[in-house]
Protein chains: 2
Amino acid sequence: MPAGQQALEADNRRKNFMRLQNANSNLGTSSMTLHHEDALGRCEPCVVRRRGICNALIRDELKQFRTIAGRRTFAPGQHIHLADEKPEFFAAVVSGVVKLTKVLFDGRQQVVGLLLPPDSVGRALGRKTPYFAQAATEVELCCFPYAGFERMLDDFPGLKQRLLEQTLDELDGALDWMVLLGRKTAEERVASLLVMLATRASINDDEGERASACTQTLDLHLKREEIADFLGLTYETVCRQFSMLKKRGLIELTGRRRVMVPDVAALALAAG
Amino acid sequence: MPAGQQALEADNRRKNFMRLQNANSNLGTSSMTLHHEDALGRCEPCVVRRRGICNALIRDELKQFRTIAGRRTFAPGQHIHLADEKPEFFAAVVSGVVKLTKVLFDGRQQVVGLLLPPDSVGRALGRKTPYFAQAATEVELCCFPYAGFERMLDDFPGLKQRLLEQTLDELDGALDWMVLLGRKTAEERVASLLVMLATRASINDDEGERASACTQTLDLHLKREEIADFLGLTYETVCRQFSMLKKRGLIELTGRRRVMVPDVAALALAAG
DNA sequence: CGTTGGATTGATATGTTTCAAGTGGAGTGG
DNA sequence: CCACTCCACTTGAAACATATCAATCCAACG
């Protein structure tokens with residue numbers, strides 16, 4: 001199954017869930033402007049509203065926020081921000097996966113961040129992004145042009161606080177990853193990635209229905225090479241470690257980019 | 001020369017400089033409370049006031065800030081914050097070096113941050129620090145107990161902004177380090193560390209007098225093992241790379257923890 | 001049904017770690 | 001003042017994990 005189709009699958013699962021939450025809204029493949037309840041429209045069922053940056057806004061603030069917001073989609077591989085440039089917009093990931101990469105002069109690459117819904121992309125305070133932000137799958141963003149965003153950052157007190165909270169979370173994530181890159185073995189790195197994805201996925205699932213016990217099926221979204229660049233390894237090594245974990249019974253490979261984890265806790269042990 | 005004495009030397013250079021800046025104040029080895037100009041006292045010549053967190057405060061705010069602030073010193077090796085605990089205070093480094101470390105279950109260690117004056121230690125918003133903060137040399141901190149600090153964070157609009165700026169800088173630093181840990185060779189790692197220290201040192205020097213061209217002498221402050229834990233290597237490898245760089249003429253070892261860099265730009269090239 | 005891009009597996013090369021021995025300077029005590 | 005000790009540092013040799021090079025494999029797709 002090709003990357004794009006898998007991404008769409010993931011997308012559809014999310015949209016199905018949103019439909020459950022908000023049975024009146026008419027969300028198709030490109031849900032446009034049909035909403036019934038009130039002026040919040042597509043914001044009401046949106047992940048970003050429920051658990052992302054928009055969660056920091058009270059109803060009236062959100063209405064204002066909506067006036068500057070606009071959705072944009074990006075094809076796999078497309079760049080969202082370039083390194084060392086001031087981006088045009090701050091944005092929230094509505095669906096899909098964004099990877100943040102840094103490149104060395106000779107082409108060596110390191111993925112320094114992976115953004116899933118409802119994470120934010122971009123830098124506040126008129127700063128440059130020190131990395132490339134690139135769509136790893138089909139991606140839908142809710143974009144806030146800087147002019148308006150910076151203004152609301154000053155007007156809505158909760159927003160700046162939220163931004164600080166998010167930045168601290170990002171920092172914590174980066175520090176954890178430094179331990180992985182500096183001190184963990186190849187097997188621990190791969191296991192760590194899977195555990196991280198499992199954890200994030202279960203947060204999302206919990207909302208809809210029950211948490212699926214300790215066994216989980218994951219979408220990797222990334223190809224082996226991208227995983228390698230995230231873990232500071234080569235793609236061959238990543239392959240071999242997948243095989244190892246499979247041999248040890250800690251995972252099952254149920255598709256090119258699909259992994260079944262029978263016991264997340266056991267895998268977490270192998271993650272160091 | 002023993003570690004402690006070297007640290008004191010570095011300390012004294014800083015204090016000498018402070019004396020230049022503020023000829024009236026009577027700064028001895030333990031400058032206490034003798035100041036003449038106004039109520040700002042020891043804050044006036046302090047690095048933290050000039051380039052650290054206190055720089056975000058206007059004069060009146062600083063006066064209030066001073067009422068909750070208190071200086072504390074830590075001996076080399078002493079812990080400042082423990083991992084996964086809410087610290088009692090937010091603080092700024094006045095002199096010395098603080099290292100932030102994370103430890104794996106089996107003792108593997110990774111230094112995830114190195115704080116020099118006028119950096120900040122601690123977490124805002126009542127969060128836990130996800131690392132151990134430990135004095136690497138004799139350290140002097142200016143501490144702000146949380147109760148008061150959080151209050152002023154809400155009262156002084158510039159302060160929260162500044163905290164966000166600093167957190168973004170920390171994040172950028174962490175991302176750079178991820179590239180180092182994930183993709184650079186041992187030699188590039190050591191070179192990168194030296195370039196980073198040289199850059200930071202020159203920022204400090206610039207203020208006092210002219211930047212010392214492209215040649216610099218650095219205090220490492222850390223022992224080989226600590227450097228290794230910062231770079232994701234073993235201390236033997238760090239040793240060997242120091243020797244390599246010396247053989248290549250890029251550095252000279254002028255003391256156990258003292259390095260002379262004849263041409264910082266040339267070293268930066270070797271840093272990848 | 002051949003083409004293509006990604007994934008897997010194998011064989012070999014290499015950089016770093018590990019284990020081990022030795023150095024050198026600073027502090028100690030006779 | 002001179003051993004003596006200690007700890008950090010240095011250097012060497014062997015072991016090891018991961019990278020590199022190379023050959024399939026496999027599923028999707030035109």
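A, B, ... follow the sequence lines: proteins, then strands. Residue 1 opens every chain.
Nucleic acid contact class of A/Phe242 (heavy atoms, under 4.0 Å, all strands): none.
The cationic atom of B/Arg224 (NZ for Lys, CZ for Arg) lies less than 6.0 Å from the six-membered ring centre of B/Phe242 and within 45° of the ring axis.
An OP1 or OP2 oxygen of D/dA19 is reached within less than 4.0 angstrom by a side-chain nitrogen or oxygen of A/Thr237. A close approach under 4.0 Å does occur between a side-chain nitrogen or oxygen of B/Ser243 and OP1 or OP2 of D/dT11. Remark: B/Arg257 is in phosphate contact with D/dC9, judged by side-chain N or O atoms under 4.0 Å from OP1 or OP2.
For the atom pair A/Thr73 OG1 and A/Gln78 CD, the distance stands at 7.5 Å (nearest 0.5 Å). Atom CG of B/Leu181 and atom CG of A/Leu180 lie 10.0 Å apart (nearest 0.5 Å). The distance from atom CG of A/Leu194 to atom CG of A/Leu250, rounded to the nearest 0.5 Å, is 10.0 Å.
For the salt bridge (Lys or Arg N to Asp or Glu O under 4.0 Å) test with A/Asp119, the passing option among A/Arg200, A/Lys99, A/Arg51 is A/Arg200; the others fail.
The NZ-P distance, from B/Lys247 to D/dT10, rounds to 13 Å in whole Å. Spacing between atom CZ of A/Arg224 and atom C1' of D/dA27 amounts to 14 Å, rounded to whole angstrom units. Rounded to whole Å, the distance from CZ on A/Arg108 to P on D/dA19 is 13 Å. For A/Arg258 and C/dA7, the CZ to P distance is 15 Å, given to the nearest whole Å. To the nearest angstrom, P of D/dG12 lies 10 Å from CE of B/Met244. One atom, CG of A/Leu231, and another, P of D/dA17, lie 18 Å apart when rounded to the nearest Å. One interatomic measurement links the two molecules: OH of A/Tyr235 to P of D/dT18, which rounds to 18 Å at whole-angstrom precision. In this structure, the NZ atom of B/Lys223 is 15 Å from the C1' atom of C/dA26, given to the nearest Å.
Looking only at side-chain heavy atoms (C-beta outward), B/Glu187 and B/Gln241 come within less than 4.5 Å of each other. Within the 4.5 Å cutoff, no side-chain heavy atoms of A/Leu114 are placed close to those of A/Leu100.
The side chain of B/Leu233 lies closest to C/dT16 when the candidates are C/dT16, C/dA7, C/dT18. Across C/dT9, C/dT17, C/dG6, the shortest atom-to-atom separation from the side chain of A/Cys239 is found for C/dT9. Nearest to the side-chain atoms of B/Gln241 among the listed nucleotides D/dC21, C/dT16, C/dT18 stands C/dT16.
The base of C/dG10 is paired with the side chain of A/Arg240 by a donor and an acceptor separated by under 3.5 Å. Checked by distance alone, B/Glu236 brings no side-chain donor or acceptor within 3.5 Å of a matching partner on the base of D/dC9.
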Can you list the steps and then say if A/Asp219 with A/Arg258 is a salt bridge (Lys or Arg N to Asp or Glu O under 4.0 Å)? CA-CA 5 Å; A/Asp219 278 311; A/Arg258 222 166 173 37; 2.6 Å; yes
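Ring geometry for A/Phe89 versus A/Phe74: interplanar angle of 30 to 60°, hence tilted.
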Where do N or O atoms of nucleotides 22-24 of chain C meet protein N or O atoms at under 3.5 Å, pair by pair?
{"residue": "C/dG24", "atom": "N2", "partner": "B/Arg256", "partner atom": "NH2", "Å": "3.4"}

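Here the closest non-hydrogen pair linking B/Lys184 and B/Glu188 is CA-OE1, 3.4 Å.
Remark: nothing in residues 178-198 of chain B comes within less than 4.0 Å of DNA chain D through any heavy atom.
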